[in-house]
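Naming: A, B, ... by sequence-line order, numbering from 1 per chain. Values reported hereafter were calculated over all heavy atoms of this structure, with side chains retained and with hydrogens, waters and symmetry mates removed.
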There are 2 protein chains.
Amino acid sequence: MPVSIKDIAQKAGVSPSTVSRALNDHPRISQETKTYIQNLARSMGYIPSTVARNLVTRRTATIGVAIADLTDPYYGRLMLGIDDAAAAHNYQVLLSCFYRDPDRELALVHDFHKRRVDGIIVLGSEAESAYSDPDQNFFMPIVLVNRPGYRCSVSVDRNVGGQMVVDYLVSLGHRRIAFITGGARQRIRSRRLAGYRQALARHHIPYNPDLVVDGDGEISGGIRAANQLLSLSPPPTAVFCFNDMTAIGVINALRRQGFRVPDDFSVVGFDDLEMTAYYSPALTTVRQPTHEVGERAFDMLSRLIRHQPVEPEMLNPELVIRASTTSAAQPLTA
Amino acid sequence: MPVSIKDIAQKAGVSPSTVSRALNDHPRISQETKTYIQNLARSMGYIPSTVARNLVTRRTATIGVAIADLTDPYYGRLMLGIDDAAAAHNYQVLLSCFYRDPDRELALVHDFHKRRVDGIIVLGSEAESAYSDPDQNFFMPIVLVNRPGYRCSVSVDRNVGGQMVVDYLVSLGHRRIAFITGGARQRIRSRRLAGYRQALARHHIPYNPDLVVDGDGEISGGIRAANQLLSLSPPPTAVFCFNDMTAIGVINALRRQGFRVPDDFSVVGFDDLEMTAYYSPALTTVRQPTHEVGERAFDMLSRLIRHQPVEPEMLNPELVIRASTTSAAQPLTA
DNA sequence: TTGTACGCGTTATCAA
DNA sequence: TTGATAACGCGTACAA
C-alpha cells in the first residue's frame, strides 16, 4: 500500500492541500513548509499516483501509439522520432502492437480511449476507414502515419517513391519490371503500386498484371513471390519489392535457383533498413525520412490536442542506388 | 467530454450503482434492466474510464515493460512472447524504451510506479543493481530478463552459449579466437565473455586480452572492432560476436579489406535474427528461445503479483551452424 | 433487485 | 499562507 498525500499531511500536521501545493511547486506557499514537506515526502517514499491525478485534471499527458508490427525495425525508427518529440514536450508514450490485425488495432484504440490518453498515433493502420466513421465515437485526436487518405496524417509519398524506382529501372533498360506487394490487403490501397503503374504508363510500357504478385512484407513472402515470378515466361528482368525484408527474400530465392543479383535480376527494396546497406549485394532501395515522420506526427497530434488546425502532410522519399541493380541484359533476340 | 456512468443513470432513471452493475455483469441484477442499460450505454457512446476504475480497485490489470532498444528486432521478439502471455491473462502492456540509458531506465520504472502498474518487466536492464537496492522504494514486482544475478529473472544461459561457440570453433581447428563485446559497460558482466574464457581454459588455450575488443551491439561497432582485430599480428582466425548485428558489421569490414568469410575468417553471431539466416554467407549463430523467455517472464511476474514464490529461471540456447564458419586454415609454418 | 453513502488519491475553489 | 470542502468517475458494503 503506497503512501498517499494524506499520510504525509498527517505526519506533517498540515492539511492534504498544503502537501499537494508543496509537491507541485505551487506559487502560494512558504518556502519553509515547501522544502519541509518535500523532504518528508521523499523520506516516506512517496510516489504520486498519476491515476488519481489524471482523474481530477482530466488529462493524462500521455499519448497512445498503436504499432502494426514490433519486429519490423522500420516501425522502431518511427517510434524514435515520436518518442523524441514527445519527450521534448513532456508527454509520455503508451506503446502497443496490433500485429497487423485490424480487429486488434481497433480494440487497442478503444483501450486507449478507456485510458483517457490525450491523443493517439497509429502506425501502419489496417483499419483506416474506421477513423472517419462517426459511429465509432472516437472522441480524441488521432493521427495516422502513411495513410494519406485520412485528414490528420503524416505520410511519405510512396507514389513518388514507386515512380522513382520504375524511372530508374527503365533508365537502366528494364522493361519487364515486376512488383511485389505487401499482401493482398495492402494491394488495393498501395501507393507504391499506383506510382509503379503511373511511371510505366509514362514510359509507354503496358501494364502486365502477371508481373504484380503478392508478398506479405516479410522474407518468406518475398521468397514465395520470387518463385512465382520465376515461373513466368519470360520472367521479369527487375523486381521492385514492397520493402527491404521482401527484397531479401527475393534475392535468396533467386540465388537458390542459381541466378545472380544484379547480373540476372535487378532487385529494389523499400525502407532503407540499416542492415540492407551491409547486405551482399548492398540493396538499392528507397529511403524515407522516418525520424522526421515520427516527429511531425507528434507535432500534428500536439496541435490537434490544443485545438489548432492541421493539414495532411506529405514528405518525399529518396532513391538510394547501391549494388543490387544494374543495366538490363541485352535481349537474346537482339 | 465523455459520457459517464451518471449520465446514463440519469437518462435511464436509475441509480449510478445500477448502471455500474449492469455494465460489469454483476450477478444481482435483473436481466431486463441489464440489457436495457447495456444498450443505452452503447447508444450513448459510453467508454468506461479505466483511470477512475483503477483508482477504486487499486489495480490496473497492466504491466509495464521497459525495453532497452526498440530498433533491435531481438527485443521485438521478446515482446511478442510477453504480449501473448499477457493477452491470455487479460493484462494490458505498457511499453516504453530507455535507449540503453540507465538513467532513463530508472526514470521509466519510476513512471510505471506512478502509473500504478501491477508489475514491471525490464528487457536489457542497464541498472540491474538498483533493483536490489532497498532505498529505491520499488514497491511492486519487477522481473528482469537476462540478468541472472537478480532474484526475479528469466535468462538465457549465455555463458553456455559462449562455451558452445568456442567449443565449436576449436573443433574446427581455430585457436586464435577473438571476442567482440556489446560495449565497454556490458563487458564487465558479460556472460558470453565468461563462457568464452571458461571454454578456452578447458581447451588449454591461453586467454589473450588483445583478442577481446569492444563493439556496441550495432553494425558500426562491429566494423570498428573488426578493423581493430585486423591490426593485430597475427590476427585471429575466428571472431565470436556479441550479437548478429555486430557480426554483420564484422563481415562487411573484413570484405572491405579484401578478405573472404569464412575462407579467411570464421564469424559467429548471437541471437539468430531472422534476417541473418538469409545473409550471405548465412550466419552461424546462437539461437535463443526468445518467445519462451518472454512468456516465462510474464508468468513469473504474474506469480509475483499473486504473492506466489518464484525462482530464477535459466533457459538453454542452441548453436545454429550455417555458412559463416569453416575449418581453420593450416598455419603457414606447418 | 435496487438505491444510498462512502471511499479511492488527487487537484481546485473558496474562505479564513 | 493555509485549511475545509467539493469534485473527478467508478465500485461496493450496506440498507431498503
Side-chain angles (χ1 to χ4, degrees), chain A residues 1-38 40-41 44-62 111-118 137 139-140, chain B residues 1-38 40-41 44-62 111-118 137 139-140:
Chain A
M1 191 72 54
V3 6
S4 84
I5 227 170
K6 280 183 191 165
D7 303 324
I8 302 174
Q10 194 164 19
K11 201 154 192 167
V14 298
S15 77
S17 18
T18 303
V19 177
S20 173
R21 281 186 279 253
L23 263 26
N24 292 312
D25 268 339
H26 212 76
R28 281 202 274 278
I29 189 168
S30 75
Q31 186 60 43
E32 188 183 13
T33 52
K34 184 196 285 189
T35 53
Y36 172 60
I37 299 277
Q38 286 176 346
L40 182 58
M44 292 176 70
Y46 171 69
I47 299 183
S49 162
T50 41
V51 12
R53 163 194 287 244
N54 292 342
L55 184 58
V56 51
T57 60
R58 289 123 162 281
R59 60 186 297 272
T60 52
T62 300
D111 183 68
F112 284 152
H113 272 78
K114 295 201 280 189
R115 294 198 124 82
R116 299 296 191 263
V117 299
D118 295 338
N137 294 313
F139 59 78
M140 65 177 57
Chain B
M1 191 72 54
V3 5
S4 85
I5 228 172
K6 277 185 195 164
D7 303 324
I8 302 175
Q10 194 164 18
K11 201 155 193 168
V14 298
S15 79
S17 35
T18 304
V19 176
S20 173
R21 281 186 279 253
L23 262 27
N24 293 317
D25 267 340
H26 212 75
R28 280 202 274 279
I29 189 170
S30 75
Q31 186 60 44
E32 188 183 13
T33 52
K34 184 196 284 188
T35 54
Y36 171 60
I37 299 276
Q38 286 176 345
L40 182 59
M44 291 176 70
Y46 171 69
I47 298 183
S49 162
T50 41
V51 11
R53 162 193 289 241
N54 292 343
L55 185 59
V56 51
T57 59
R58 287 121 163 281
R59 60 186 297 272
T60 53
T62 301
D111 183 68
F112 284 151
H113 272 79
K114 295 200 281 190
R115 292 200 125 83
R116 298 297 191 262
V117 299
D118 295 338
N137 293 314
F139 60 79
M140 66 177 59

For [X], which contact category applies under a 4.0 Å heavy-atom criterion: base, sugar-phosphate, or nothing?
X: Pro2(B); value: nothing
X: Ser4(B); value: sugar-phosphate
X: Thr33(B); value: sugar-phosphate
X: Val51(B); value: nothing
X: Pro48(A); value: sugar-phosphate

Can you list, pair by pair, the side-chain donor-acceptor contacts under 3.5 Å of residues 2-13 of chain A, counting residues two or more places apart and other chains?
unit_1, atom_1, unit_2, atom_2, d
Ser4(A), OG, Lys6(A), N, 3.1
Asp7(A), OD2, Ser4(A), N, 2.8

Inset, instruction - Establish, with yes or no, whether the OP1 or OP2 oxygen of dT10(C) is under 4.0 angstrom from a side-chain nitrogen or oxygen of Tyr46(A). - result: yes

Inset, instruction - Taking only the side-chain nitrogens and oxygens of Ser15(B), find out if one of them lies under 4.0 Å from OP1 or OP2 of dG3(C). - result: yes

Legend entry - Arg115(A) side chain to Thr62(B) side chain, donor-acceptor N/O pair below 3.5 angstrom: yes

Legend entry - Non-neighbouring partners of Phe139(B) that pass ring-ring contact (aromatic ring centres under 6.0 Å, His included), sequence neighbours left out: His113(B)

Inset, instruction - Look at the side chain of Thr50(A) and the backbone N and O of Lys114(B), then say whether any donor-acceptor pair between them is shorter than 3.5 Å. - result: yes

Inset, instruction - Taking only heavy atoms on the protein side, list every residue of residues 18-26 of chain B lying under 4.0 Å from any atom of DNA chain C, sorted numerically. - result: Thr18(B), Arg21(B)

Legend entry - First and last nucleotide of DNA chain D, 5' to 3', lying under 4.0 Å from heavy atoms of chain A: dT1(D) to dG9(D)

Inset, instruction - Could you pick out which residue, Ile5(A) or Lys34(B), lies toward the 5' side of DNA chain C when each is mapped onto its nearest nucleotide? - result: Lys34(B)

Can you pull every protein N or O that's under 3.5 Å from an N or O on nucleotides 6-8 of chain C?
none

Legend entry - Rounded (10°) bend between the five-pair end axes of the helix from dT1(C)-dA16(D) to dA16(C)-dT1(D): 40°

